[in-house]
Visitor: 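Got a structure here, written out as structure tokens. Questions coming.
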2 protein chains.
Amino acid sequence: MAGRPRSFDRDAALATAVELFWRTGYEGTSVAMLTSAMGVSPPSLYAAFGDKHHLFEEASARYFARTCEGLDRAVELPTARAAIERMLEDTARAHTGAATPPGCLMLTEPRLDAQREVLHQRIRDRLDRGVQDHELPSALDTDRLAAFLVAVMRGMSGCARDGGTTEDLRGIAETAMAAWPAAHRERA
Amino acid sequence: MAGRPRSFDRDAALATAVELFWRTGYEGTSVAMLTSAMGVSPPSLYAAFGDKHHLFEEASARYFARTCEGLDRAVELPTARAAIERMLEDTARAHTGAATPPGCLMLTEPRLDAQREVLHQRIRDRLDRGVQDHELPSALDTDRLAAFLVAVMRGMSGCARDGGTTEDLRGIAETAMAAWPAAHRERA
DNA sequence: ACCATACCGTATCGACCGCTACAGAAGTCT
DNA sequence: AGACTTCTGTAGCGGTCGATACGGTATGGT
């Protein structure tokens with residue numbers, strides 16, 4: 001007992017919403033902008049996604065899932081250092097993509113602090129594994145280093161929003177890596 | 001030929017506006033919020049400050065001037081390293097003050113990129129002086145290091161907005177200082 | 001005293017905000 | 001076919017946005 005089928009591609013419309021929220025943020029994106037960009041009338045949008053807040057949650061979750069895919073690939077690298085270097089390089093490129101808005105939705109949107117906390121934990125977990133692998137000194141404060149790295153990524157996002165190039169962001173990333181802890185010594 | 005005198009303290013009202021823009025940003029602050037917090041009716045506000053955009057410019061300029069005072073004091077320290085350490089410590093405290101909103105207006109507000117550019121230049125200038133003083137290696141890319149430091153400060157501001165404590169921000173600052181270039185060697 | 005001037009509060013402007021009532025259209029069911 | 005369900009576009013809801021018209025009020029100048 002199905003009714004009239006939806007006349008638009010829900011997934012494509014959601015992708016458009018992601019793009020818009022990414023570019024202008026939650027508060028800065030009106031429902032009129034969304035309906036116009038998605039090619040959907042307001043009632044259709046509300047029927048398909050609920051209210052604006054619910055649409056944003058779905059859009060940001062989609063964005064975050066994509067981010068986590070890259071994160072997973074980086075985490076699998078053999079060393080913590082290589083993993084973090086990969087993350088920073090991914091960040092530099094993702095924040096300055098020609099086809100996407102500058103900066104990062106997750107790192108810019110005030111209300112996405114829960115996602116940022118997950119990012120922090122994922123980084124800290126990889127650092128902890130580096131300690132277990134004797135790649136990093138056991139005395140290392142991994143929580144602190146992870147907080148630093150999140151802060152750097154956030155700074156990179158802001159730099160991109162201010163017009164910074166991929167190379168500008170790489171410069172920040174490479175400078176940050178100079179803060180990497182000294183190699184673990186086998187004998188204390 | 002003066003008319004009826006202003007019934008409110010313009011400077012105090014401006015300080016209130018700074019506080020409000022600082023806490024909720026330009027877009028997130030309505031004129032109604034401003035008039036209510038400043039204790040001033042809309043026509044009085046418009047007569048004294050022009051439109052909302054003009055008020056924001058005056059408020060952000062005032063905020064920036066205060067920031068620059070601290071910057072001046074830091075820059076005068078004998079070494080570039082001490083100057084930057086002072087800046088980061090000031091940042092950690094200023095972004096987590098109990099009597100002020102968390103984070104930094106200049107580093108958070110998208111449209112204040114010109115102020116951020118000035119901050120970048122001020123930092124680079126101090127680093128250049130460090131190179132001239134043979135405190136820092138002559139091969140150092142001071143522009144790049146300055147961009148890194150601005151990114152770190154921005155990350156600290158974001159961390160503060162997410163509820164980070166002064167100690168959290170200090171951790172980021174101290175970790176960042178580990179990226180400080182190796183001491184200049186007298187003989188290559 | 002009286003005018004000119006500049007600020008005061010009230011009440012409101014048109015535009016846009018997020019959101020929805022309504023009626024018609026396009027499907028599946030019996 | 002006809003009933004039923006769900007999506008469609010139009011048109012508009014109450015509320016808030018930034019900004020102002022207006023008449024009243026407090027000052028200085030003459």
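Letters A, B, ... are given to chains in the order of the sequence lines, protein chains preceding strands, and every chain is numbered from 1. Since we're looking at a predicted model, the values are computed, not measured.
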Visitor: Between A/Trp22, A/Phe21, A/Phe49, which is the residue that forms a ring pair (Phe, Tyr, Trp, His ring centres under 6.0 Å) with A/Phe56?
Guide: A/Phe21

Visitor: What's the closest nucleotide to the side chain of B/Pro43 if the choices are D/dA19, D/dG9, D/dA21?
Guide: D/dA21

Visitor: Need to verify one output field. Residue with the more 5' nearest nucleotide on DNA chain C, B/Ala47 or A/Pro42?
Guide: B/Ala47

Visitor: Under 4.0 Å, heavy atoms only, any strand: does B/Thr29 hit a base, just the sugar-phosphate, or nothing?
Guide: sugar-phosphate

Visitor: From the options D/dG28, D/dT10, D/dT20, select the nucleotide whose nearest atom is closest to the side chain of B/Ala2.
Guide: D/dG28

Visitor: For the pair made of CZ in A/Arg10 and P in D/dT6, what is the distance, rounded to whole Å?
Guide: 16 Å

Visitor: What's the NZ-C1' distance between B/Lys52 and C/dA15, to the nearest Å?
Guide: 15 Å

Visitor: Please tell me which of B/Ala32 and A/Phe8 maps to the more 5' nucleotide of DNA chain D, matching each residue to the nucleotide holding its nearest heavy atom.
Guide: A/Phe8

Visitor: Rounded to whole Å, please give me the gap between NE2 in A/His54 and C1' in C/dG18.
Guide: 16 Å

Visitor: Please determine if B/Arg66 forms a cation-pi arrangement with B/Phe64, meaning its NZ or CZ atom is less than 6.0 Å from the six-membered ring centre and no more than 45° off the ring axis.
Guide: no

Visitor: Can you check the A/Arg6 CZ to D/dT8 C1' distance for me, whole Å?
Guide: 12 Å

Visitor: Are B/Ser7 and D/dA26 close enough that a side-chain N or O sits under 4.0 Å from OP1 or OP2?
Guide: no

Visitor: To the nearest Å, how far apart are A/Met33 CE and C/dA15 P?
Guide: 20 Å

Visitor: Once you round it to whole Å, what is the distance between P of C/dG18 and NE2 of A/His53?
Guide: 13 Å

Visitor: Any carboxylate oxygen within less than 4.0 angstrom of a Lys/Arg side-chain nitrogen, looking at A/Asp162 and B/Arg154?
Guide: yes

Visitor: Would you call A/Arg116-A/Glu109 a salt bridge at under 4.0 Å N-O?
Guide: no

Visitor: Would you mind reading off the distance between B/Leu45 atom CG and C/dA6 atom P, rounded to a whole angstrom?
Guide: 19 Å

Visitor: Please determine if a side-chain N or O atom of B/Ser44 lies less than 4.0 Å away from the OP1 or OP2 oxygen of C/dC8.
Guide: yes

Visitor: Heavy atoms only, 4.0 Å cut-off, all strands: where does A/Ser30 land among base, sugar-phosphate and nothing?
Guide: sugar-phosphate

Visitor: Between A/Glu27 and B/Gly3, who's closer to the 5' end of DNA chain C by nearest nucleotide?
Guide: B/Gly3

Visitor: Could you check whether B/Lys52 makes a cation-pi contact with B/Tyr46, meaning its NZ or CZ is under 6.0 Å from the centre of the six-membered ring and within 45° of the ring axis?
Guide: no

Visitor: Whole-Å distance between C/dC22 C1' and A/Tyr46 OH?
Guide: 17 Å

